[in-house]
Amino acid sequence: MDKKTHDKGLEIRKAVLGEAYVSNALKNADDFNKPFQELVTEYCWGAVWGREELPRKTRSMLNLAMISILNRPHELRVHIKGALVAIYAGVPAGVDSFRIAREVFAEIDKS
């Protein structure tokens, strides 16, 4: 593991998803999924999200589109909360994405 990239990834991950979410994910890591959490933090957040060629807002919107198209509702919830935007990516995926976004925004409004 490259500590510098991991630390950069941890900083970005917390900035995008929120300190509480990331702390909970890391706290719940066990022997089985801890290496995966480290990979996600270092590679996805540090090496990929840490590149400066795309602004975070653009990267986030692209990420929301891909997550919607791949039909990953849990990740969509997490990233909508982080980005506070919804995305339309094809009729079937778009319908589900907007439904989930509405639920997430209702949860945020209650907070």
Side-chain angles (χ1 to χ4, degrees):
M1 174 171 51
D2 178 60
K3 183 165 175 28
K4 182 177 177 184
T5 306
H6 180 274
D7 291 349
K8 181 179 185 177
L10 187 59
E11 178 184 326
I12 294 168
R13 190 176 182 188
K14 287 178 179 179
V16 172
L17 302 179
E19 175 103 27
Y21 178 83
V22 175
S23 294
N24 191 51
L26 297 176
K27 179 183 75 172
N28 289 322
D30 57 21
D31 290 340
F32 177 68
N33 69 348
K34 185 176 181 181
F36 182 71
Q37 286 292 324
E38 291 171 349
L39 173 82
V40 166
T41 301
E42 180 183 352
Y43 181 70
C44 294
W45 292 102
V48 177
W49 276 74
R51 294 178 65 188
E52 297 179 11
E53 289 81 6
L54 286 177
R56 280 193 196 163
K57 183 175 182 178
T58 302
R59 193 177 300 278
S60 186
M61 290 180 354
L62 291 168
N63 197 39
L64 287 167
M66 290 184 288
I67 289 169
S68 297
I69 291 165
L70 292 170
N71 191 24
R72 296 292 172 243
H74 175 75
E75 287 297 310
L76 183 60
R77 283 181 187 280
V78 171
H79 284 272
I80 288 173
K81 285 181 179 179
L84 295 178
V85 296
I87 191 72
Y88 182 86
V91 175
V95 169
D96 283 339
S97 297
F98 282 108
R99 184 178 300 121
I100 290 167
R102 183 175 287 126
E103 293 171 12
V104 170
F105 292 138
E107 290 174 17
I108 290 170
D109 288 342
K110 289 179 185 177
S111 299

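For reference, positions follow the sequence shown, starting with 1.
- Between His79 and Trp45, the two ring planes are parallel [angle under 30°; tilted spans 30° to 60°].
- Arg59 CZ to Arg51 CZ: the interatomic distance, rounded to the nearest 0.5 Å, is 7.0 Å.
- Summarising the geometry of Ala47 relative to Thr5, their closest heavy-atom pair is N-CG2, 3.6 Å, with the distance given to 0.1 Å.
- Side-chain heavy atoms closer than 4.5 Å link hydrophobic residues (I, L, V, M, F, W, Y) into clusters, and following such links, possibly through other members, connects Val16 to Tyr43.
- Put simply, the side chain of Gln37 does not reach to within 4.5 Å of the side chain of Asn28, judged on heavy atoms.
- In this structure the side chain of Asn63 never reaches within 4.5 angstrom of the side chain of Glu75, judged on heavy atoms.
- Annotation for Glu53: atom CD counts as buried by contact number, over 12 foreign heavy atoms lying within 6.0 Å.
- Side chain of Glu42 to backbone of Gly9: no donor-acceptor contact under 3.5 angstrom is found.
- For Glu38, the CD atom is densely surrounded, since the number of other residues' heavy atoms within 6.0 Å is greater than 12.
- The cluster map of Ile, Leu, Val, Met, Phe, Trp and Tyr, joined by side-chain heavy atoms under 4.5 Å apart, puts Val48 and Leu62 in different clusters.
- From Lys3, atom NZ reaches atom CG of Asp7 across 3.5 Å, with rounding to the nearest 0.5 Å.
- Residues Phe36 and Val22 share a hydrophobic cluster, clusters being chains of Ile/Leu/Val/Met/Phe/Trp/Tyr side chains in contact below 4.5 Å.
- Tracing side-chain contacts under 4.5 Å through hydrophobic residues (I, L, V, M, F, W, Y), one reaches Leu10 starting from Leu39; they form part of the same cluster.
- Atom-to-atom distance recorded for Arg72:CZ and Ile67:CD1 is 10.0 Å, nearest 0.5 angstrom.
- For the atom pair Ile80 CD1 and Ile108 CD1, the distance stands at 8.5 Å (nearest 0.5 Å).
- Heavy-atom minimum distance, Arg56 versus Ala15: NH1-CB, 3.7 Å.
- Note that the CZ atom of Arg77 and the CD1 atom of Ile100 stand 5.5 Å from one another [nearest 0.5 Å].
- Residues Ile69 and Val78 are members of separate hydrophobic clusters, defined by side-chain heavy-atom contacts under 4.5 angstrom among Ile, Leu, Val, Met, Phe, Trp and Tyr.
- A distance-only check finds a donor-acceptor pair linking the side chain of Asp30 to the backbone of Asn33 [under 3.5 Å].
- Atom OH of Tyr21 is separated from atom CZ of Arg13 by 6.5 Å, given to the nearest 0.5 angstrom.
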